[in-house]
Visitor: 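Supplied in structure tokens, the structure appears directly below.
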2 protein chains.
Amino acid sequence: MATSTKRPARKQSTSSRSTKKAPGKRAKSKEQTKARILNAALELFGKKGFYKTTTKEISQKARIAEGTLFNYFKTKEDLALYFFETELQTCIDWYYKDDYVQAAPLPEKLFALVQHYLDRIEPYQEFIGAVYLRALQPRSKLNPLSLEVQELRIRELKFIRDILDEAEEKEEVPPFGEFGVYALGLGFMGILTYWLNDRSEGKENTLALLDRALTLANSVLRQGGWEW
Amino acid sequence: MATSTKRPARKQSTSSRSTKKAPGKRAKSKEQTKARILNAALELFGKKGFYKTTTKEISQKARIAEGTLFNYFKTKEDLALYFFETELQTCIDWYYKDDYVQAAPLPEKLFALVQHYLDRIEPYQEFIGAVYLRALQPRSKLNPLSLEVQELRIRELKFIRDILDEAEEKEEVPPFGEFGVYALGLGFMGILTYWLNDRSEGKENTLALLDRALTLANSVLRQGGWEW
DNA sequence: GCGTTAATATGAGTATACTCATTTTTTGGG
DNA sequence: CCCAAAAAATGAGTATACTCATATTAACGC
């Protein structure tokens, strides 16, 4: 019964043809399989939601055996988490390519960054709630709140720290150091949580909250006043 | 059933003191069963951890059928969550009975409260990580970050708000309103997360962080200075 | 007591994330 | 080409949270 599926269509048309290129057949096929899984998962999650999508369905749609899926992703949640990591990275890249944003004052910068990120993960809204919380789990590599435990090797944390360092250098902010990174991470998490709960049109409440929080923080830090 | 004493039932006659005690057999047995479940669960969670404890084991230890467990708690996680709600309530009660704490300035007050809470949930440490995150889930009743969605009916939020109101009244803090409640809730969550990751002796790192955060916040708010 | 109704208990059954021993495919050396 | 080892795929099997139709028990009016 096996074998009916994957059959490499092209037998080798002799060894000469395929001169072991850099990728190699194996690596290439692996990549493709992974892509198929991700496509299938994304489509199904979007259509039926994270919980109602079974790993069996995903495998079928990706045309692989169910077990294979777990060779690529340790758990179903890891599979979903993949999208956020990707988007986060995209967001970081975006930042470093946009001179205007980079030059802006801290509050504007943070506002733009968060807004950008929220825009990007919008499609995953339905299932992000089910999954992003995992990132807070004590052992998770994505946990922005376990700074002292893990040695700041993680991309995302490094990014936050870079932004903060720059602001400290420009004296936009007092030298908070680690503490600041932690606080920023926490604040981001708060916004994300609020966003998840936000039923307002175009998530405007979240943006309003974000704006208010940044303005307030800025004003408190700069002039020690709270009349905003 | 109980004695065969005829009990000429009367239609109404509310005055009938006949039925000895208020509880009634049913309510009583229900209470006992619930208690048995909680005891069994607590012991097993403590001994084997949340994930390795099966609902079957819990039922057996509580001497009930497996299905019965789910008549009392919708999910296994709800069962675990029960302990936190209880401890939180205990904590709130403790606060209102301690005049000294109530009279203290806000930072000391918050420090004492959090420390007290952490002390109390210490025994559940092993499994709290697995479960408390659920509280952040968009729909959760415990989510301290979904203020505007849910109308502040929840005990815990009300408590935070009361404390903040009082501080605002005493002018220890500017009138932040809802915003303040949200921020406090978020801060508490941050501490809890840090605590979960804290491997230091006696969780002293967490206490240090808490102290630092409160001192800093206080100083920034009061004098607009950040030399602390 | 007896009958009726509603609450509660039951445990076999279901769904599904994940495992693992086995099979298939790829690679690379002779 | 062929073979052996490594990598990857496979799908039947497992574990377990949770459901549900049925059975048991309590409550209460007569």
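Chain A is the first sequence line, chain B the second, and so forth, proteins listed ahead of strands; every chain is numbered from 1. Small disclaimer: the values here were computed from a predicted structure and weren't measured.
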Visitor: Would you say a side-chain N or O of A:K30 is under 4.0 Å from OP1 or OP2 of D:dA8?
Guide: yes
Visitor: Measure from the side-chain heavy atoms of A:T54 and tell me the nearest of C:dC18, C:dT16, D:dT10.
Guide: C:dT16
Visitor: Between atom NZ in B:K34 and atom P in C:dT8, what is the gap in whole Å?
Guide: 12 Å
Visitor: Measure the distance from CD on B:Q32 to C1' on D:dA26 and round it to the nearest whole Å.
Guide: 15 Å
Visitor: Using a cut-off of 6.0 Å, state whether more than 12 heavy atoms not belonging to A:K48 lie near its atom NZ.
Guide: yes
Visitor: Provide, to the nearest angstrom, the distance between the OH atom belonging to A:Y72 and the C1' atom belonging to C:dC18.
Guide: 17 Å
Visitor: Tell me the interatomic distance from B:I58, atom CD1, to D:dC18, atom P, rounded to whole angstroms.
Guide: 10 Å
Visitor: Side chain of B:A65, heavy atoms from C-beta onward: which of C:dT10, D:dC18, D:dT25 has the nearest atom to it?
Guide: C:dT10
Visitor: For the backbone of A:Q102 and the side chain of A:K109, can you confirm whether one donor and one acceptor N or O come within less than 3.5 Å of each other?
Guide: yes
Visitor: Give the rounded distance in Å between these two atoms: CG of B:L79 and C1' of D:dC18.
Guide: 14 Å
Visitor: Could you tell me whether A:E57 and A:K61 make a salt bridge, using a distance below 4.0 angstrom between a side-chain N and a carboxylate O?
Guide: no
Visitor: For B:E66 and A:K76, take the nucleotide of DNA chain C holding the closest heavy atom to each; which residue's nucleotide lies nearer the 5' end?
Guide: B:E66
Visitor: Looking at B:Y82, does the NZ or CZ of B:K34 lie under 6.0 angstrom from its six-membered ring centre and within 45 degrees of the ring axis?
Guide: no
Visitor: Any base atoms under 4.0 Å from A:I64, or only sugar-phosphate, or nothing? Heavy atoms, all strands.
Guide: sugar-phosphate
Visitor: Out of C:dA9, D:dC18, D:dA9, which nucleotide sits closest to the side chain of B:F70?
Guide: D:dC18
Visitor: Counting only side-chain heavy atoms from C-beta out, which of C:dA17, C:dA6, D:dT10 sits nearest to A:N71?
Guide: D:dT10
Visitor: Take atom CD of B:E201 as the centre, draw a 6.0 Å sphere, and report whether it contains more than 12 heavy atoms from other residues, nucleotides or ligands.
Guide: no
Visitor: Taking only side-chain N and O atoms of B:T55, does any of them lie within less than 4.0 angstrom of OP1 or OP2 on D:dT16?
Guide: no
Visitor: Base, sugar-phosphate alone, or nothing: which one does A:F73 contact when heavy atoms must sit under 4.0 Å apart?
Guide: nothing
Visitor: Specify the separation, in whole Å, of atom CD of A:Q60 and atom C1' of C:dT16.
Guide: 13 Å
Visitor: Side-chain N or O of B:T33 less than 4.0 angstrom from OP1 or OP2 on C:dA9?
Guide: yes
Visitor: Is A:T68 touching bases, backbone alone, or none of the nucleic acid, heavy atoms closer than 4.0 Å?
Guide: base
Visitor: For the pair made of NZ in A:K74 and C1' in C:dT19, what is the distance, rounded to whole Å?
Guide: 12 Å
Visitor: What's the CZ-P distance between A:R63 and D:dA8, to the nearest Å?
Guide: 19 Å
